[in-house]
Amino acid sequence: MSVTALQTPLQPPLQPPSREAGGSAVRPAAGAGAPRPARWPGIVRAVAVTVVPPLLMVLLLGLFWELLCSGPGATLPPPSRIWADSKDLILDPFFVAGPQDIGLGWRVLVSLQRVAVGFGLAAVAGIALGAVVGQSVWAMRALDPLFQVLRTVPPLAWLPIALAAFRDSNPSAIFVIFITAIWPIIINTAVGIRNIPQDYRNVAQVLRLNPLEFFWKIMLPSAAPYIFTGLRIGIGLSWLAIVAAEMLTGGVGIGFFIWDAWNSSRLPDIIVALAYIGIVGFVLDRLVAGVGSIVTHGTQAA
Amino acid sequence: MSAYLELSQVGKTFTRGAASTEVLRDVSLDIAKGEYISIIGHSGCGKSTLLNIVAGLTRATTGGVILDGREVNTPGPDRAVVFQNHSLLPWLTVYDNVRLAVDKVFAGTRSRAERHDWTLHNLDLVQMTHATQKRPGEISGGMKQRVGIARALAMEPKVLLLDEPFGALDALTRAHLQDSVMQIHATLGNTILMITHDVDEAVLLSDRIVMMTNGPSAYVGEVLEVGLPRPRRRLELVSDATYIKAREAVLKFLHERHRYVEAA
């Protein structure tokens with residue numbers, strides 16, 4: 001009786017400090033507690049668990065596809081024919097056999113270069129505009145309706161205007177990337193900045209930080225998680241838009257390759273190009289997410 | 001006694017559309033250099049608003065604040081605030097949080113090495129030199145508050161404003177920090193204005209306790225001189241007659257004459 005009566009009231013006041021210290025205290029204990037021999041099989045198991053299911057699924061879908069498209073009336077090539085016809089494209093992404101006969105790796109790089117320029121500009125302009133809209137109520141009132149209307153315009157609808165303005169296909173494609181990626185960056189940055197805790201603003205006021213210092217020292221780090229959400233959506237949309245834009249503007253990019261292959265009825269090449277685009281898009285998304293998690297490390301652990 | 005920090009007839013009315021609420025009315029207070037003043041009152045009596053007005057974060061509707069012969073109505077490092085929830089920037093280390101303030105305040109007057117030493121010196125004052133490279137998320141609530149105090153001290157403020165600095169801490173940690181603040185006050189002789197709702201804390205730390213009536217339209221109900229000699233020791237005071245009397249006076253004010261009414 002007396003023992004339980006003593007223990008129960010003691011526990012609540014002890015909990016908060018132990019929870020605070022938990023972050024640093026638990027980690028070494030967990031590392032030391034894990035038995036060494038069990039470690040390797042653990043990693044192998046973790047890799048197998050993440051890799052095997054999708055691999056099996058791909059094999060299964062490939063088999064289904066092969067069966068579906070092997071008939072005499074099939075309109076699309078089966079995987080076996082893609083392998084036979086486009087082996088060079090799959091195996092060597094970086095061959096150069098002529099001015100227009102180059103590996104898909106080179107084409108992807110050309111497209112990536114356009115995305116890098118367009119997306120880079122969109123990131124700088126989007127964060128700056130988002131900061132203005134998030135910081136000033138009047139800027140938000142004036143600009144938010146414009147943004148909400150313009151962001152619904154499909155990327156390719158901008159292309160004729162861009163072509164008319166720039167009179168060249170490359171800057172037009174870059175402009176389409178820019179205009180596609182900028183909206184989610186603006187909107188997410190503005191939300192992130194509107195959500196900066198009043199405490200941080202008070203600190204900035206007491207320290208008399210000037211607007212530039214406030215932007216670098218408080219705004220950017222505080223809104224970073226939101227900004228990176230915007231950048232991630234933006235890079236995804238950019239990659240969507242570049243393929244469509246290149247189909248229309250021509251050049252060396254991966255989008256034009258698809259269009260070119262379609263015109264010369266090389267369906268297997270198109271399917272290989274689709275796989276390239278998918279994988280590169282996935283890598284881009286992971287890349288931005290990875291940078292984001294490194295940069296925002298510690299931001300939320302208040 | 002000449003006033004170093006003077007609040008003269010400070011009033012604050014919050015207006016929202018047609019509705020307006022008077023939070024503070026005619027709050028006047030003269031604080032001498034080196035004095036430790038506590039403002040105590042029930043929650044909602046506008047004591048935080050009063051502190052924000054002194055800090056310059058909120059503007060007074062009527063009256064004004066004069067510090068060292070000059071009127072103040074914008075925030076500045078001469079009135080450093082220790083916020084209730086520490087308000088450290090979570091993406092900076094303990095050192096960088098203090099260094100940010102040091103760099104801002106002493107950019108033109110001290111060299112890089114001097115600013116580095118000054119940052120460490122202030123972290124040393126609050127016994128936090130062991131955790132300079134930790135982030136706020138990795139240290140306890142009491143430690144965060146220590147860093148908050150170090151940041152405020154590092155600005156060499158004319159007056160230090162403490163907004164319920166120990167309110168969110170457990171009793172033991174709070175006692176530790178109170179002792180630290182007393183020590184710092186004894187060493188540096190800062191002028192301190194502290195908001196609190198803890199009667200023992202107010203009596204232990206203050207030279208004078210300003211008791212606020214309940215809001216809306218709160219005013220200074222009574223000012224109590226705590227005639228206890230310094231340095232004060234927590235354990236010795238428990239049975240000290242002056243301490244008990246002061247404590248009783250504050251408790252009576254808060255719970256007899258100005259009882260907290262839930263509906264108010």
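Quick caveat, the model's predicted, so the values are computed rather than measured. In what follows, chains carry the letters A, B, and so on, assigned in the order in which the sequence lines appear, proteins first and then strands, with residues in each chain numbered from 1.
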Once rounded to the nearest 0.5 Å, what's the spacing between atom [atom1] of [X] and atom [atom2] of [Y]?
X: B:Lys104; Y: A:Asn210; atom1: NZ; atom2: CG; result: 5.0 Å
X: B:Phe83; Y: A:Asn202; atom1: CZ; atom2: CG; result: 4.5 Å
X: A:Arg201; Y: B:Ser87; atom1: CZ; atom2: OG; result: 13.0 Å
X: A:Ile218; Y: B:Leu89; atom1: CD1; atom2: CG; result: 4.5 Å

Check each atom of [X] against the heavy atoms of chain A and say whether the ones under 4.5 Å are side chain, backbone, both or neither.
X: B:Arg151; value: side chain
X: B:Asn52; value: neither
X: B:Ala101; value: both

Check whether more than 12 heavy atoms from other residues, nucleotides or ligands sit under 6.0 Å from atom [atom1] of [X], and answer yes or no.
X: A:Gln148; atom1: CD; answer: yes
X: B:Arg112; atom1: CZ; answer: no
X: B:Arg59; atom1: CZ; answer: no
X: B:Gln127; atom1: CD; answer: yes
X: B:Phe14; atom1: CZ; answer: yes

Taking the side chain as C-beta and beyond, is there a heavy-atom pair between A:Val206 and B:Met155 under 4.5 Å?
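Answer yes - side chains close enough.
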
Quick one: does A:Thr296's side chain get under 4.5 Å of B:Trp91's, heavy atoms only?
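Result no, sub-4.5 Å side-chain heavy-atom pair not found.
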
Chain B: which of A:Arg208, A:Lys217, A:Glu213 shares the most heavy-atom pairs with it under 4.5 Å?
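Ranked by contacts with chain B, first place is A:Arg208.
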
